[in-house]
Amino acid sequence: MNSSQPRRMSKDYAYFEIKNKILNGDFTPEESLIESKLAKELDISKTPLREALQKLEVEELVVRQANGRLKTPSITVQEAEEIFLVRSYLEGIIAKQATDHATKEDIDSLSGICDKINQAIEAKNIEEILHYGTKFHEQLYRMSGNRTVVKILSQLNDHVTRYRRLVPINNEEMYMQNTDEHSIILQHIIEGDRLGAESTMRSHILSSMSVAVEAIKKME
């Protein structure tokens, strides 16, 4: 085995482990990341660990302070507004192009996902709502065929996921109402209404932004 392969594997392992902890909220906002502690917890040497942290720094999931030490990013109203606003435009493009390319099989798949979302809404199961909501968007990504937008959204959605995990959503009714918009988007796609799909998708993302911003303000 090539000697560089174990280190590469260690770097990838460290990258995904730390990233998942950041996205899932296991690391709190602005928490210091101590290399020696992380290396011990992950049972790897500092070289692949530093390579993993550098990659996360490029993705802005890790922040380097003036003293050179690393920490997790803060969460702010301004960043939430910026992230969700940009996402609303990109997801709008996806919805419009997915409508253009939708096949019967695509619509059947989206309908099945919407059924799961509606079941989760009835059960008030937030985790299931988030899971199938993500599946709905991923199906649209495939349908759109727009690899550039999907690539940008992939990185942006990491930050969206982090906000979802870190920001407590206390207004359950508002959350449930927001998720029902998936069915409306699907109806626009079925009707071939590309502009309706785009507009509703943008509204859907901006509604999520309002929920997140309101929750952040309560935390401050």
Side-chain angles (χ1 to χ4, degrees), residues 1-84 86-87 90-91 94 120 125-142 146-169 205 208-209 212 215-216 219-220:
M1 182 182 291
N2 190 309
S3 61
S4 66
Q5 192 171 348
R7 193 181 80 177
R8 190 160 58 243
M9 290 171 63
S10 296
K11 179 190 74 174
D12 293 341
Y13 165 71
Y15 168 78
F16 286 111
E17 284 293 309
I18 297 169
K19 181 175 181 177
N20 285 334
K21 286 179 179 293
I22 293 171
L23 297 186
N24 291 331
D26 295 331
F27 290 129
T28 57
E30 300 189 67
E31 180 173 342
S32 295
L33 299 175
I34 312 300
E35 286 187 9
S36 57
K37 184 179 177 183
L38 287 172
K40 185 176 180 181
E41 288 176 357
L42 298 173
D43 192 25
I44 61 172
S45 64
K46 288 188 177 181
T47 299
L49 173 64
R50 284 170 182 162
E51 291 173 349
L53 290 170
Q54 285 170 1
K55 187 174 179 181
L56 290 166
E57 189 180 353
V58 170
E59 295 177 8
E60 298 184 354
L61 289 171
V62 166
V63 177
R64 188 172 298 277
Q65 303 173 81
N67 60 9
R69 293 177 181 174
L70 299 173
K71 67 175 183 177
T72 56
S74 59
I75 58 173
T76 65
V77 167
Q78 180 180 345
E79 185 185 43
E81 289 176 338
E82 290 174 357
I83 289 171
F84 281 93
V86 172
R87 187 184 176 212
L90 296 175
E91 293 276 5
I94 290 290
N125 188 325
I126 299 295
E127 287 298 321
E128 288 286 289
I129 291 171
L130 289 174
H131 173 73
Y132 287 108
T134 298
K135 292 292 183 186
F136 184 89
H137 288 273
E138 288 175 349
Q139 176 64 25
L140 292 183
Y141 295 170
R142 288 190 289 271
N146 193 324
R147 288 183 296 177
T148 300
V149 172
V150 170
K151 189 175 178 181
I152 298 168
L153 275 168
S154 177
Q155 184 169 341
L156 194 65
N157 284 339
D158 282 342
H159 294 271
V160 172
T161 298
R162 181 170 176 266
Y163 269 80
R164 278 178 175 167
R165 295 297 180 184
L166 288 173
V167 179
I169 304 300
I205 301 300
S208 297
M209 180 185 76
I216 294 168
M219 291 172 63
E220 291 177 341

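The shortest distance between side-chain heavy atoms of Arg142 and Glu138 falls below 4.5 Å. Using a 4.5 Å heavy-atom threshold, the side chains of Ile205 and His137 count as touching. Contact annotation: the side chain of Ile18 approaches that of Leu42 to within less than 4.5 Å [non-hydrogen atoms, C-beta and beyond].
Within 6.0 Å of the NZ atom in Lys135, the count of heavy atoms belonging to other residues, nucleotides or ligands does not exceed 12. Surrounding NZ of Lys19 are more than 12 heavy atoms belonging to other residues, nucleotides or ligands, all under 6.0 Å away.
Between the CZ atom of Arg162 and the CZ atom of Phe27 there is a distance of 11.5 Å, given to the nearest 0.5 Å. Note that CG of Leu49 and CG of Leu38 are 5.5 Å apart. Values are rounded to the nearest 0.5 Å. Between atom CG of residue Leu56 and atom CG of residue Leu70 there is a gap of 9.5 Å, rounded to the nearest 0.5 Å. Ser74 contributes atom OG, which lies 6.5 Å from atom CD of Glu79 (distance to the nearest 0.5 angstrom).
A search for side chain to side chain donor-acceptor pair (under 3.5 Å) contacts involving Glu17 returns nothing, not counting sequence neighbours. Remark: Glu81 engages no residue in a salt bridge (charged side-chain N to carboxylate O under 4.0 Å, His left out) (not counting sequence neighbours). Applying the side chain to side chain donor-acceptor pair (under 3.5 Å) rule to Gln78 yields the partners Glu82; only residues at least two apart in sequence or on another chain are considered. Applying the ring-ring contact (aromatic ring centres under 6.0 Å, His included) rule to His159 yields no partners; only residues at least two apart in sequence or on another chain are considered. For Gln54, there are no side chain to side chain donor-acceptor pair (under 3.5 Å) partners two or more places apart in sequence or in a different chain. Remark: Asn24 pairs with Asn20, Asp26, Arg165 by the side-chain contact (heavy atoms from CB on, under 4.5 Å) rule, at least two apart or across chains. With sequence neighbours excluded, the residues that form a side-chain contact (heavy atoms from CB on, under 4.5 Å) with Thr28 are Glu31. With sequence neighbours excluded, the residues forming a side chain to side chain donor-acceptor pair (under 3.5 Å) with Asn157 are Arg87, Tyr141, listed by chain and number. Residues satisfying the ring-ring contact (aromatic ring centres under 6.0 Å, His included) test with Phe136, not counting sequence neighbours, are His182.
When every heavy atom of Ile44 is checked against every heavy atom of Ala14, the shortest pair comes out as CD1-CB, 3.4 Å. Residues Asp158 and Leu23 come closest through the heavy atom pair O-CD2, 3.0 Å.
Identified under the side-chain hydrogen bond (donor to acceptor under 3.5 Å, both in side chains) test for residues 35-44, with sequence neighbours left out: Glu35-Arg50. Evaluation of the side-chain hydrogen bond (donor to acceptor under 3.5 Å, both in side chains) test over residues 146-156, restricted to residues two or more places apart or in two chains, returns Gln97-Asn146. A side-chain hydrogen bond (donor to acceptor under 3.5 Å, both in side chains) check over residues 57-70, counting only residues at least two apart or in different chains, returns the pairs Tyr15-Glu59, Glu57-Arg64.
A distance-only check finds a donor-acceptor pair linking the side chain of Thr72 to the backbone of Glu30 [under 3.5 Å].
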